[in-house]
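Before any comments, here is the structure.
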2 protein chains.
Amino acid sequence: MQVGMFALSNRDDIIMSTALNTKERIVELGRGHMQRIGYHSFNYKQIALELNIKNASIHHYYPSKEDLGMAVIEKDRHDFLDFIQRTKKAAPMDKLDALICAYQEYFKGGQKLCVISTFSASFNELTERMQLAVRQYSEIVSSWLAAVLKEGLDSGDLHFSISIEEMTNHWMATLPGALLVGRSRGKEYFDMALQSLKKAIQSS
Amino acid sequence: MQVGMFALSNRDDIIMSTALNTKERIVELGRGHMQRIGYHSFNYKQIALELNIKNASIHHYYPSKEDLGMAVIEKDRHDFLDFIQRTKKAAPMDKLDALICAYQEYFKGGQKLCVISTFSASFNELTERMQLAVRQYSEIVSSWLAAVLKEGLDSGDLHFSISIEEMTNHWMATLPGALLVGRSRGKEYFDMALQSLKKAIQSS
DNA sequence: TATTACCTACCTGTATGTAGGTAGGTTGTT
DNA sequence: AACAACCTACCTACATACAGGTAGGTAATA
């Protein structure tokens, strides 16, 4: 069962009751914590307590924090690729709705940031290897977004006058921006930012 | 001389050569570091080295890290209020240009985030006192933005069809979002996001 | 003389990470 | 079937480092 960004459920209690093994649980819990408090602030102790194992045991699965960070990025990228597959046959608008829905789940589940913006927030402190992984994951998301926008524009499902590249970039900036704003200004403003994204592809 | 977000210069070498006293320098340097690497990752040692004083001496001015964090928020808010005063008589579009210019300086000066998003990124780890300060500062910025947008709409300098509140929120989310995206995707995409903000108030 | 602006030296907590061990299961060999 | 060799999934205990913070002192200045 998937539990992260583009997965079927975000509830931690569901994670714990399924057949996930320890290694998988560590990534899942780690991802959640990182999204809530940031990569740097996150620490092994929290996970160790939740899984009822010792701090050192986490090193058995992920020798260094960087390894765990990389695993989180890879897992999330993998989940996103799954998301692409699952929504393959949906209409463009439904795909974008599903994306927005994922972001709403983040906010509900403890004012999380998405994984990309979580690591972007700590970008200047990441190793080159991690920065590269974030960059590559970022490109996957934007490529998909651009393709969906083009599909919708061509089919007449979506309407906007600026270029596809510009609209892609607009979404790429506003989605994480909305999560950030939601933290300080509240859900109301988070929702409004997402609504304006939908409006931008339905008129003008 | 002001050196932060809405100040006249962002260059650290200028900070050091002016008549700023140690206490002021600590906030300035602290703000820069926090914007580059985040509040939690930031530490006293970096500043102590740069100012050629000992770690403990920083506690003389700011007894706790929270005090320094608060001072950074207050300083930035103060600089923003100054910015409002300085641009009071400018045309709406020029005010917004000046705001965008400030964000471009952030990006140039080490891929900084703005202070509000810096602390929003660590929001769930801040004390209530700090969260409140961020929230209040955030409201000042959005109120100003809304007023400028209204002014421009009424005078005919700006053109957009969505509500002022929506446009304000759009800017509030996209400005920090652009900085975040710029880190992983590069300056090109950062600039594009800012350009699209300007387009949004000139047409439609 | 009081205050400011530092300093040295140290304490405490905590985070990542390592060394080495063990219980129990699996696999391969005779 | 018996046994050796090895693996998995943890454990205890410790090493290291570095962070924030404190106590108490000193030298210069107002």
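Throughout, protein chains are lettered first and strands after them, A, B, ... in sequence-line order, and every chain is numbered starting at 1.
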- Query: Does one side chain, of A:E166 or A:S163, offer a donor that lies under 3.5 Å from an acceptor on the other?
  - Reply: yes

- Message: Ignoring hydrogens and geometry beyond distance, is a side-chain donor-acceptor pair present between A:H40 and B:S41 at under 3.5 Å?
- Response: yes

- Message: Any salt bridge linking B:E105 with B:K108? Criterion: basic side-chain nitrogen under 4.0 Å from a carboxylate oxygen.
- Response: yes

- Message: Between the side chains of A:K89 and A:D94, is the shortest nitrogen-to-carboxylate-oxygen separation below 4.0 Å, so that they form an ion pair?
- Response: no

- Between the main-chain N or O of A:K65 and the side-chain N or O of A:Y44, is there a donor-acceptor pair closer than 3.5 Å? yes

- What is the nucleic acid contact for A:D67, judged by heavy atoms within less than 4.0 Å: base, sugar-phosphate only, or nothing? nothing

- Message: Base contacts versus sugar-phosphate-only contacts with protein, heavy atoms under 4.0 Å: please encode nucleotides 12-21 of chain D as B, S and - from 5' to 3'.
- Response: B------SSB

- Does some side-chain heavy atom of B:L179 sit less than 4.5 Å from a side-chain heavy atom of B:Q111? no

- Query: Does the side chain of A:F80 come within less than 4.5 Å of A:V115's, by heavy atoms?
  - Reply: no

- Item | First and last nucleotide of DNA chain C, 5' to 3', lying under 4.0 Å from heavy atoms of chain A | C:dA15 to C:dT18

- Item | Partners passing ring-ring contact (aromatic ring centres under 6.0 Å, His included) against A:Y62 (at least two apart in sequence or in another chain) | none

